[in-house]
Amino acid sequence: MKKILFLCMTALMSVAMLTAGCGDNAADRDSSSSSSTAKTLKIGSSADFAPFEFQGADSNEYQGFDMDLIRAIGKEMGTDVEINNIAFDGLIPALQSGNIDIAISGMSITDERKQQVGFSDPYYDSGLTIAVKADNNDINSFADLKGKKIAVQIGTTGAEEAKKIPDAQVKEMNSSADTFLELKAGNVDAVVNDKPVNDYYMVKNSDNTVKRVGEKLTSESYGIAVKKDNTKLVGELNAALKKLKENGEYNKIYKKWFGTEPTDNK
Ligand code: ARG
């Protein structure tokens, strides 16, 4: 009997040691996280932003460039990832409260956000563009948006930029898809949103009732966000990203969603 007990204890101890070992490999979980040995990283993303994050019509599975990238990063780090759909303007609060470990959501690295969260190295170069109805010939540049009605997604850089336009009426929508609906319904004159998302929308929906105006208005880079000062996790994310760029996995994912090899997104 004593021997069995001893064996059981040894087995238990090795399990505990194993788990602790895996924990080292996982994210740096601070006191606000549930467990110091949890192996699953909680990811937050606003799944309304094709081709970066969205749910397919026939399956609820999260799809897109960011989703494939974070799964590949998790694999590289030896952790599982659990994706949660969180409204874009709720992502930074969710990081701050410790409800999620990571936000990947086409989030542009800005000075303002850097005060609130930590960012990985940039992983995608983006910027804002304008979309209007195809028959609109008045709006040809950002300057033409003066005094116009503009739909944006709440909490985004598009919303920030639109609010700087003199006399513009800015309508803040919960999702990026809603901004297009507002445009198509004729409730607004223009949408200000990220270029790759506007482009994908037009191609994917073969929507010739809307068009993109001009070139990029801003240059922005997407970063993966973590709780501020979680430098350990930032380091792990950057190492994984670097590895995926070196071993061709990043390029593979890029090609899957954008149809080309990355040029300026290396
Ligand atoms: N890049 C823009 C920003 O950081 C928009 C991101 C919106 N992302 C989303 N998943 N809806 O503000």
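Both backbone and side-chain heavy atoms feed into the values below; hydrogens, waters and symmetry mates do not. We number each residue from 1, following the sequence as shown. None of the values given here were measured: they were computed from a predicted structure. Indexing begins at 1, ligand by ligand and atom by atom, following the structure's order.
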Under 4.0 Å to a heavy atom of M107 - the qualifying atoms of ligand 1, by number:
4 (O)

State the atoms of ligand 1, each with its element, that fall below the 4.0 Å cut-off from a heavy-atom position in Y222.
1 (N)

Tell me, which protein residue and heavy-atom name are nearest [atom], and how many Å apart are they?
{"atom": "atom 8 (N) of ligand 1", "answer": "S105 O, 2.9 Å"}
{"atom": "atom 9 (C) of ligand 1", "answer": "F49 CG, 3.3 Å"}
{"atom": "atom 6 (C) of ligand 1", "answer": "G106 O, 3.2 Å"}

Under 4.0 Å between heavy atoms, the region of R113 that gets near ligand 1 turns out to be side chain

Using a 4.0 Å heavy-atom threshold (strictly under), name the region of F52 that reaches ligand 1: side chain, backbone, both or neither.
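It is neither part, as no heavy atom is under 4.0 Å.
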
So that I can tick it off, tell me whether [Y] and [X] are bridged by a salt bridge, with the cut-off set at under 4.0 angstrom between side-chain N and carboxylate O.
{"X": "K252", "Y": "E249", "value": "yes"}
{"X": "E172", "Y": "K163", "value": "yes"}
{"X": "E160", "Y": "K164", "value": "no"}

Looking only at non-hydrogen atoms, which of D48, I104, I109, D194 approaches atom 11 (N) of ligand 1 most closely?
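Comparing heavy atoms across D48, I104, I109, D194, the nearest one to atom 11 (N) of ligand 1 lies in D48.
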
Please state whether the rings of Y124 and Y222 are parallel, tilted or perpendicular, taking 30° and 60° as the class boundaries.
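It falls in the parallel class, under 30°.
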
Are W257 and F49, when compared by the centres of their aromatic rings, separated by less than 6.0 Å?
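No; F49 has its ring centre 6.0 Å or more from that of W257.
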
Less than 6.0 Å separating the ring centroids of Y62 and F52?
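No, the ring of Y62 stays outside the 6.0 Å limit from the ring of F52, centre to centre.
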
Considering both backbone and side-chain atoms of [X], is one of its nitrogen or oxygen atoms within less than 3.5 Å of a nitrogen or oxygen in ligand 1?
{"X": "F88", "answer": "no"}
{"X": "Q153", "answer": "yes"}
{"X": "T156", "answer": "no"}
{"X": "S176", "answer": "no"}

To check you understand the geometry: which heavy-atom pair defines the closest contact between Y250 and P262, and what is its length?
CE2-CG, 4.0 Å

Under a single-linkage definition using a 4.5 Å side-chain heavy-atom cutoff for Ile, Leu, Val, Met, Phe, Trp and Tyr, are V81 and L241 assigned to the same hydrophobic cluster?
yes

Taking only non-hydrogen atoms of E160, do any sit less than 4.0 angstrom from ligand 1?
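It does not; every heavy atom stays at 4.0 Å or beyond.
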
When rounded to the nearest 0.5 angstrom, what distance separates NZ in K171 from CG in D178?
10.0 Å

